[in-house]
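Sequence lines set the chain letters: A, B, ... in the order given, protein chains first and strands last, and positions in each chain run from 1. The structure displayed is predicted, hence computed values, not measured ones.
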There are 4 protein chains.
Amino acid sequence: MSRSTQRPAPPRRQRTEDRRPQIADAALRILASKGAAHLTAAELGREVGIADSTIFRHYRDMDEVVLAGIDRVRALLDQTFPPPEDPPLARLRALFLGRLALMHEHPAVLRLASSDRLEQVAGPEGARRLRETILRSRRYIEACLREAQARGEIPAQLDATVLGWMVRGTLQVAVASTAGPRSSESRTPEAVWEVVEALLRGARHHVTAGESP
Amino acid sequence: MSRSTQRPAPPRRQRTEDRRPQIADAALRILASKGAAHLTAAELGREVGIADSTIFRHYRDMDEVVLAGIDRVRALLDQTFPPPEDPPLARLRALFLGRLALMHEHPAVLRLASSDRLEQVAGPEGARRLRETILRSRRYIEACLREAQARGEIPAQLDATVLGWMVRGTLQVAVASTAGPRSSESRTPEAVWEVVEALLRGARHHVTAGESP
Amino acid sequence: MSRSTQRPAPPRRQRTEDRRPQIADAALRILASKGAAHLTAAELGREVGIADSTIFRHYRDMDEVVLAGIDRVRALLDQTFPPPEDPPLARLRALFLGRLALMHEHPAVLRLASSDRLEQVAGPEGARRLRETILRSRRYIEACLREAQARGEIPAQLDATVLGWMVRGTLQVAVASTAGPRSSESRTPEAVWEVVEALLRGARHHVTAGESP
Amino acid sequence: MSRSTQRPAPPRRQRTEDRRPQIADAALRILASKGAAHLTAAELGREVGIADSTIFRHYRDMDEVVLAGIDRVRALLDQTFPPPEDPPLARLRALFLGRLALMHEHPAVLRLASSDRLEQVAGPEGARRLRETILRSRRYIEACLREAQARGEIPAQLDATVLGWMVRGTLQVAVASTAGPRSSESRTPEAVWEVVEALLRGARHHVTAGESP
DNA sequence: CATGAATGAGATTTCATTCAT
DNA sequence: TATGAATGAAATCTCATTCAT
């Protein structure tokens, strides 16, 4: 996925403000395509088109680089929170589809976000920030579910927390199953969501007689 | 989580047959508690209580150590496949609960099983084996779901593949949410499964006439 | 023979172009003075005056270092081939004296050139290159001998190949006998060659009168 | 050349007196076939058919093993000294042919004997002993040559020391050229010696007719 | 701002050697 | 006598990071 070599050499001598996002993005790209073990200063420099030592002009640490990458991911994730005026299941749908699209476009997000134990990749501070972001998503999703339960759109007797796990888990596996290079069983995001929503709404089936609509 | 230092120095000089599983288990322990980056020969030796160089008497490579760990995991996972004579949802339930318990007991299993990009940790051969194991689970779960659909126990019109994602995803998040040291929102495994089964069966709610209150 | 410790710390921070030959030469020096077993990165770094890890900035491998050393030797050896317009025995003499001088000055050359089993020192590629160089010398010497035989300057009935062995062997032992620190029996290069040439030309001796049998 | 695997497992539990030569010979075999770098305790044990640690029951050191090997070589070399009552050139011939045959049969001898700088292989003590052996050969050869000169069989005006170098050098190169697996240019030992002797005796060639001066 | 040289810490692995069995 | 387990020293090589230019 990384096209380090073809990338046209960017103009050298850029300002730190310009370099920092370049580096952070490159870090995410490497993380996504080759994994944490390959995220070295040398590889990063190659990806950006600068010397490895130059990285430390713009970031103090490799840790700081990863942190910056995480913050970019967080920004992306935060953009997918739908407007609060929509009804709960619509918001949930928008979030689900948005995240699916996002992770499809930025595989590194998946790599980071789906890992609940990323102290190793991100250092304690990065882990803290990611956990916070995940927590926000969790709360958001649960709030939507509870609101939908209150409105009687989904069964109230089901534990909203566990329903939240279901939504998040399905999202994770869907991304993983769709994203991989060898995935033979991809589904459109909408199709996935429809199943989730059907489950939530209580898919009646043994449909007895003609009372379906 | 690793208690290397407190562990009372185990009797030195053991047979390879005994050492090999000790080392493989220690590797899994480290993987679970500190992550792949800390799975070094030195750390491993410390965990087992032997010198790092001694590891290479019992395993040729670090790769071989990880491979052995993976095989232990695979064996554990394989044990959780329920007997085939049970009805499909009962088998699914047993698998779900079994895996939840297993991953609770062996957190490394989760770490390995949920990692979609484990080439780095496990090397190509290890990745292949793990993928194979995961594939087997996926197929098993989907087969149960399809059988249940055929029996009319769960809605036939829902895409069984996506239902499988849901089951697996919920399992993953459930483990992650329950396992963590700071998890405030734990549920009993049975409670989690009941929600999943209710969803699958199509929890009718608003349904039946005027019984809303 | 290595004076690593006395050497006044050379100016640090040199360009790769300058470091590479320094390192290659140091490798040859160590090879000559302490043997292949002592040609380690640490020793090499000490000899050059840099850290061992710095070597791998300038060469990818230890193998590459040895290869570079071999190429220096090959260049030196190639310089000793005399101009082709001279008569054969003059060319042979020039080659003989040139190589004697060369090996005297660069003992490592001897160590490499006389080693018939240098795969271990040089790796397969290095061995190949060295063999090629040795083969060139062998061919050159034999060609000179054959030409001298054709001119009637040395006995034609003697096997030129074996004569070549004689020339090369004498050269080897002469170097070894002369070079060592404790050699009590040194001869000037010219004196050695004169004996060789006398042998080749067929040193008549008891000459006086016709009393041969 | 090493047939470690096919060798029929020798009876275990032998006395040290029996084991020691087995080990020493195995060391020479490895030295000859794979080079000094492969002469490790593990390899040695495999060659002999015992555990590596068992070696140190019979020899204190690896150095001692090599030393023992050297002594075996010395014994072999010493056996090739011809009886002193023969005429000098006959003795030289016998020595030459004997050594050629010996080194052909025991390539390790060549490896050791032709290396004048073997401190690395043999340690200081081994080097001392080998040097001593070489020195004895050198003296023997020179003595033969001087005696032949005194008898008028070879030119007296030629430096006997250098003649000795010639004889030894030719022997070395002859062995190396003949022994190698890819040697295309082998000669019978006798043929080689005849050239050497012809050279020593002063091969008159342009002979034709009486134009001697 | 940019770089290449340099470095020390650490990782894997090999090996001679010791020791309990 | 024999062995397998254990070990520390050393070798190669990687990597984040510093510094002079």
Rounded distance (Å) that lies between atom C1' of E:dG8 and atom CZ of C:Arg46
16 Å
Return the value, rounded to whole Å, for the distance between atom NE2 of C:His58 and atom C1' of E:dT3.
14 Å
When the distance from CD1 of C:Ile55 to P of E:dG8 is rounded to whole Å, what number comes out?
13 Å
Within less than 4.0 Å of OP1 or OP2 of F:dA6, is there a side-chain N or O belonging to B:Arg19?
yes
For C:Arg129 and C:Arg74, which heavy atoms make the closest approach, and how far apart are they?
O-NH1, 3.3 Å
Are the side chains of A:Met62 and A:Val66 in touch, meaning some heavy atoms are under 4.5 Å apart?
no
Calculate the interatomic distance between C:Asp18 atom CG and E:dA5 atom P; express it in whole Å.
10 Å
Value for CZ (C:Arg20) from CZ (C:Arg72), rounded to nearest 0.5 Å, stands at 11.0 Å
Base of F:dG4, side chain of B:Arg15 - is there a donor-acceptor contact under 3.5 Å?
no
Rounding to an integer number of Å, can you tell me how far D:Gln22 CD sits from F:dA2 P?
9 Å
D:Glu43 CD to E:dA16 P, in whole Å, measures 10 Å
To the nearest angstrom, how far is A:Ile23 atom CD1 from F:dT17 atom C1'?
15 Å
Is C:Asp52 close to C:Arg46 at the side-chain level, that is, under 4.5 Å between some pair of heavy atoms?
no
Name the pairing partner of E:dA5, where a pair is Watson-Crick or G-U wobble with both distances under 3.5 Å, or state none.
F:dT18
For A:Ile50, which contact category applies under a 4.0 Å heavy-atom criterion: base, sugar-phosphate, or nothing?
sugar-phosphate
Of all heavy-atom pairs between B:Ile30 and B:His38, which one has the smallest distance, and what is that distance?
CG2-O, 3.6 Å
To the nearest Å, how far apart are B:Tyr59 OH and F:dA6 P?
13 Å
Quiz item: B:Arg57 side-chain donor-acceptor pair to F:dA6 base, under 3.5 Å
yes
To the nearest 0.5 Å, how far apart are CD in B:Glu125 and CD1 in B:Ile70?
9.0 Å
Letter by letter from the 5' end, nucleotides 8-14 of chain F scores (B base, S sugar-phosphate only, - none; protein heavy atoms under 4.0 Å) B--SSBB
Rounded to the nearest 0.5 Å, the CG atom of C:Leu28 sits from the CG atom of C:Leu39 at a distance of 9.0 Å
